[in-house]
Amino acid sequence: MTLEYLQKEMIKAMKSSNRVRKEVLSGIIGAIKKVAIDKRQKDNITEELVAEVLLREQKIIQEMIDTCPRERSDLLVEYEQKLSIIREYAPQLLTDEKQIEEKFLELLKETNIEPLRQNKGQIMKTVMPIFKGKADMKVVNKVISTNLK
């Protein structure tokens, strides 16, 4: 997913007078640009950066849904609409423990790191860049913890 693609989608939403979609995409684009400026990547906005921001925005909206009082059904509907729009563009995270475990064990063989509890920091440093933005990190942490001796 690129910033340019999101901008084209926002223009489509504006032309079709879809206010909610336009607002959500506009907010995402603004957040991407802000993060790019903060990371000094204003001229080189990568797909990884876009994915990172999309996942963060998805998490924020999900937390808003979870903490919203049930009697405020109007807000819940609005948040769920926003979440569904964000999910269209956000990358799908790998959540299957077996697949994550297979990749993790394969990584251990490649790097020759022994799966011991005292090596967890070193293992996490190796695994984080590979799984970040591709897998649910809570599941990754759980898989790593269960596979350490």
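- In this structure, Leu49 and Gln41 have side chains that are in contact, with non-hydrogen atoms separated by less than 4.5 Å.
- Looking at heavy atoms from C-beta onward, Ile100 lies in side-chain contact with Phe131 at the 4.5 angstrom threshold.
- For Lys42, the side-chain contact (heavy atoms from CB on, under 4.5 Å) test picks out Ile37, with sequence neighbours left out.
- Taking every heavy atom of both residues into account, Ile85 and Val20 meet most closely at CD1-CG1, 4.0 Å.
- For the side-chain hydrogen bond (donor to acceptor under 3.5 Å, both in side chains) test, residues two or more places apart in sequence or in another chain that qualify with Glu97 are Lys142.
- Partners of Pro129 by side-chain contact (heavy atoms from CB on, under 4.5 Å), not counting sequence neighbours: none found.
- Taking both residues in full, the closest heavy atoms of Leu93 and Ala135 are given as CD2-N, 3.8 Å, listed atom of the first, atom of the second, then distance.
- Using a cutoff of 4.0 Å between basic side-chain nitrogens and carboxylate oxygens, Lys8 and Glu4 are not scored as salt-bridged.
- Listed by chain and residue number, nothing satisfies the side-chain contact (heavy atoms from CB on, under 4.5 Å) test with Ser84 (two or more places apart in sequence, or in another chain).
- In this structure, Val77 stands alone, with no Ile, Leu, Val, Met, Phe, Trp or Tyr side-chain heavy atom under 4.5 Å from its own, directly or through other members.
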Evaluate the criterion side chain to side chain contact (heavy atoms under 4.5 Å, CB included) for residue pair Met128 and Val140; output intermediate values, then yes/no. CA-CA 9 Å; Met128 285 291 284; Val140 171; over 6 Å; no
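- Distance OG/Ser145 to CE/Met124: 7.5 Å, rounded to 0.5 Å.
- With sequence neighbours left out, Lys103 forms a salt bridge (Lys or Arg N to Asp or Glu O under 4.0 Å) with no residue at all.
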Using a 3.5 Å cut-off and no angle test, enumerate the donor-acceptor pairs between side-chain atoms of residues 53-62 and protein atoms at least two apart in sequence or in another chain.
| residue | atom | partner | partner atom | Å |
| --- | --- | --- | --- | --- |
| Gln62 | OE1 | Arg87 | NH2 | 3.3 |
| Gln62 | NE2 | Asp66 | OD1 | 3.1 |

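- If you take CG on Asp96 and CD on Gln99, they are separated by 4.5 Å, rounding to the nearest 0.5 Å.
- For the atom pair CD of Glu78 and CG of Leu83, the computed distance is 12.5 Å after rounding to the nearest 0.5 Å.
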Go through the steps to decide whether Thr46 and Asn44 satisfy the test side chain to side chain contact (heavy atoms under 4.5 Å, CB included), and finish with yes or no. CA-CA 6 Å; Thr46 62; Asn44 184 25; 4.2 Å; yes
I'd like a table of donor-acceptor pairs (distance under 3.5 Å, sequence neighbours excluded) in which one partner is a side-chain atom from residues 9-16, with atom names and distances.
| residue | atom | partner | partner atom | Å |
| --- | --- | --- | --- | --- |
| Glu9 | OE1 | Tyr89 | OH | 2.9 |
| Glu9 | OE2 | Tyr5 | OH | 3.4 |
| Glu9 | OE2 | Lys12 | NZ | 3.2 |
| Ser16 | OG | Lys12 | O | 3.1 |
| Ser16 | OG | Ala13 | O | 3.2 |

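- In this structure Asp43 satisfies the side-chain hydrogen bond (donor to acceptor under 3.5 Å, both in side chains) test with no other residue, sequence neighbours excluded.
- Atoms CD and CD1, on Glu110 and Ile130 in that order, are 7.5 Å from each other to the nearest 0.5 Å.
- Rounded to the nearest 0.5 Å, atoms CD (Gln7) and CD1 (Ile32) are 8.5 Å apart.
- Scanning all heavy atoms of the two residues, the minimum distance from Cys68 to Leu76 falls at CB-CD2, 3.8 Å.
- With sequence neighbours excluded, the residues that form a side-chain contact (heavy atoms from CB on, under 4.5 Å) with Leu105 are Glu101, Leu108, Asn147.
- Partners of Lys33 by salt bridge (Lys or Arg N to Asp or Glu O under 4.0 Å), not counting sequence neighbours: none found.
- For Glu47, the salt bridge (Lys or Arg N to Asp or Glu O under 4.0 Å) criterion is met by no residue, not counting sequence neighbours.
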